[in-house]
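Okay, structure first, notes after.
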Protein chains: 2
Amino acid sequence: MAASIMDVARRAEVSTATVSRALRGLPNVSAATRERVLRAAEELSYSVSPHASSLASGRTGTVGVVVPFVNRWFYSQVLAGIDSVLRAHDLDLLLYNLGDERVHERFFTRMPLRRRVDALIVLNLPLSTAESEALASMEVPIAVLGTRVPGCWHVSIDNAEGASTAVRHLINLGHRRIGMITAAPGDPRGFTTPIVRQHAYRTVLAQAGIAYDPDLEVPGHLSIDEGASAMAQLLSLPEPPTAVFAESDQMAFGALRTLGRMGLTAPDDVSVIGFDDHETAELLDLTTIAQPVAHQGELLARQILDALSGGDEEPTRVVVPTRLVVRGTTGAAREHPPRYHSTPRPGPEPDQHSTTAR
Amino acid sequence: MAASIMDVARRAEVSTATVSRALRGLPNVSAATRERVLRAAEELSYSVSPHASSLASGRTGTVGVVVPFVNRWFYSQVLAGIDSVLRAHDLDLLLYNLGDERVHERFFTRMPLRRRVDALIVLNLPLSTAESEALASMEVPIAVLGTRVPGCWHVSIDNAEGASTAVRHLINLGHRRIGMITAAPGDPRGFTTPIVRQHAYRTVLAQAGIAYDPDLEVPGHLSIDEGASAMAQLLSLPEPPTAVFAESDQMAFGALRTLGRMGLTAPDDVSVIGFDDHETAELLDLTTIAQPVAHQGELLARQILDALSGGDEEPTRVVVPTRLVVRGTTGAAREHPPRYHSTPRPGPEPDQHSTTAR
DNA sequence: GGAGGTAATGCAATCGCTTACATGAAAAGA
DNA sequence: TCTTTTCATGTAAGCGATTGCATTACCTCC
């Protein structure tokens, strides 16, 4: 049986109140007494019961982190950033992974984090009004990544800026026929980021005096496969683009795969630029818009620390800069772009090639 | 102010004991009363205080998950697997990311999860005897991934089997000069997996009557860059290998990058096989040994559920199968392997090419 | 119709802390 | 020297549930 504060009190020959104060480093405890308490606790290898402590004090020492998909590169990086800061301040991290729709719903109807955390960090979730009200009703500080929610702390990148930079980069290379692989209408949940990026794409084209062609905007989910088929669709146009801006690196990877399977290469046949600077982007030599990922997590956690200590400061909003990283998949537009209507070369089809051992 | 059980009791005109029983679905509550309590709770939008509940009952409803690196693909996948199962059983997930050495140490000296969780899941950590004793002293069921710890539940793949399959695959393709990129002595923490894989590599070679050549074993950390330089080192040998088994897909990616930059390709010049079936492996058409990643997480969580409900069953150990996935980077050995002593073609150097926008 | 059983509910102790308030002693000020 | 502060410590009332035990009412069965 683990020792309780009473045991420590008896051993140090003081009251439990004094033990509590001594252990938490509060003032008004004499050096001698504190020393005695610390030794007693040490000898009994005592540690406070977090639940009793929370119950009595009302603080939980825990921050809830709500993530749409832990297993995606982006979110796991942000999570690591959050963790490092919380950890350094002895706050626990209660993870809530909303994967599918049902878990998402359940989360908002049951509010399982209510009374369980001192603060909340929400990553990139599209929140309905009802949902953000539900969160607000928890009456704890909330920091949100991506979407902007009234009354919440907020960290994000400037998506319009980043997307504009990407498209401008292509225009500067002489491209005029520029496609976009977008997640805009593709996602049922209604993340706002894709819409902002899409809007930036259109705006920059317009500013450059390039006519808008809806055929050049192809929607898909944020995955490699969807990026691949979007690229296939673009290449099948009567007049295919000479450059493509993919909403995310993942989609860009898919686009590159399609090019490769059709015997084409970037940037000789088509320039490709992505968004994120995923760890694989460097490997594939993909030009992209980099955003500081783990850093955003750290910032969110710092905001929470401020909110928790500072008292009633106003929530802040911080926008972190993106950066164009020029690698090998973008290049100058050719004078006379080649026609692409070759028959696709079959790529590897894992299912057929796979062998099962043991 | 959130409603307490007293409020509900008053509203439903019963005692708090009855409320407690009704809400938790215990027997010995009449249908009418239960109905009344449920409605009262609903109307007050009451939810139990997890801390009070834990304090009174001794159960926390929380499982601690200790991860070496949340931000690595492998662990984030496992984590997602764990989460999905725990979530389905209304257990909370307290995440503990040991990143660097200092956090690791602190974890074992302070035991911050003691009294805080009903069970523990530990991913792939090398544990000293003192450390595993410290864990055991928490007196909760523990499930461990990878390393085998006495008294703990356990999930792992058969690393010897997987590595053997990889090396045999290369031998079957006619290769005789086979290199290995290993993490064995590279990691200071002493993960055991690399050692097992290395041993399998040596054993299979010996069984095939191939002489052991220490030059063909190149150590490095589990990263793309280290894989890349390991491959460079292999290629600089007087007699370079015709095939390489990389301990992990990440390292294999690095190896492929080196090949590419030197103007070589897999499998024409060198066959490459990895381990893991990382999401990028398919993209790069990498032959590899696949292991079910998220599934291992689910299994761990299931073991914990068993431990928590079943009472005092003996901990089980489950070994999940690996699978050889043949893709495009391995092929038949050439009769007369080419000499590689060409000057490396400079690859992209992001730092020089990078531009900073805004 | 009384003994014995069972189902529904209440009472109150308990879990292990925190903290407002009370107390007493020592230091400071008059 | 006597009052006033200040500092260290103790007392005890919560915090919000859970749960063993007691109680009551209602059946059932001989």
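The chains referred to below are lettered A, B, ... by the order of the sequence lines, with proteins before strands, and numbering in each begins at 1.
You'll find that the side chain of A:S4 is closest to C:dC17, out of D:dG16, C:dC17, C:dG10. Among the nucleotides C:dC17, D:dA8, D:dG16, the one closest to the side chain of A:Y46 is C:dC17. Side-chain proximity of A:N28 to D:dT19, D:dA17, D:dA8: nearest is D:dA8. Picking from C:dT9, D:dA8, D:dT18 the nucleotide with the shortest atom distance to the side chain of A:S30 gives D:dA8. Closest to the side chain of A:R24, from the set C:dT19, D:dC7, C:dC17, is C:dT19.
Across the protein-nucleic acid pair, B:I5 atom CD1 and D:dC15 atom P stand 14 Å apart, rounded to whole Å. The distance from atom CD of B:E13 to atom P of C:dG10 is 10 Å, rounded to the nearest whole Å. Between A:L23 atom CG and C:dT19 atom P the separation is 14 Å, expressed in whole Å.
Taking for each of B:A52 and A:T16 the nucleotide of DNA chain C with the nearest heavy atom, the 5'-most of the two is the partner of B:A52.
Residues passing the side-chain contact (heavy atoms from CB on, under 4.5 Å) test with B:V48, sequence neighbours excluded: B:Y46.
Of the side-chain N and O atoms in B:S53, none sit less than 4.0 angstrom from OP1 or OP2 of D:dG16.
With respect to A:L300, the side-chain contact (heavy atoms from CB on, under 4.5 Å) criterion is satisfied by exactly one of A:L123, A:V122, A:V318, A:V85: A:L123.
Figure legend: cation-pi geometry between A:R87 and B:Y96, with NZ or CZ positioned under 6.0 Å from the six-membered ring centre and within 45° of its axis. Under a cutoff of 6.0 Å and an axis angle of 45°, B:R72 and B:F74 do not form a cation-pi pair.
Among the atoms of the strands shown, none is found under 4.0 Å from any heavy atom of A:R34. Within the 4.0 angstrom heavy-atom criterion, base atoms lie near A:S15. Counting any heavy atom pair closer than 4.0 Å across all strands shown, A:T33 reaches sugar-phosphate atoms only and no base atom. Within 4.0 Å of A:V19, counting heavy atoms only, lies no atom of the nucleic acid at all.
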* To do: Summarise how protein sits on nucleotides 20-26 of chain C as a single string, 5' to 3': B when a protein heavy atom is under 4.0 Å from the base, S for sugar-phosphate-only contact, - for no contact.
  => B------

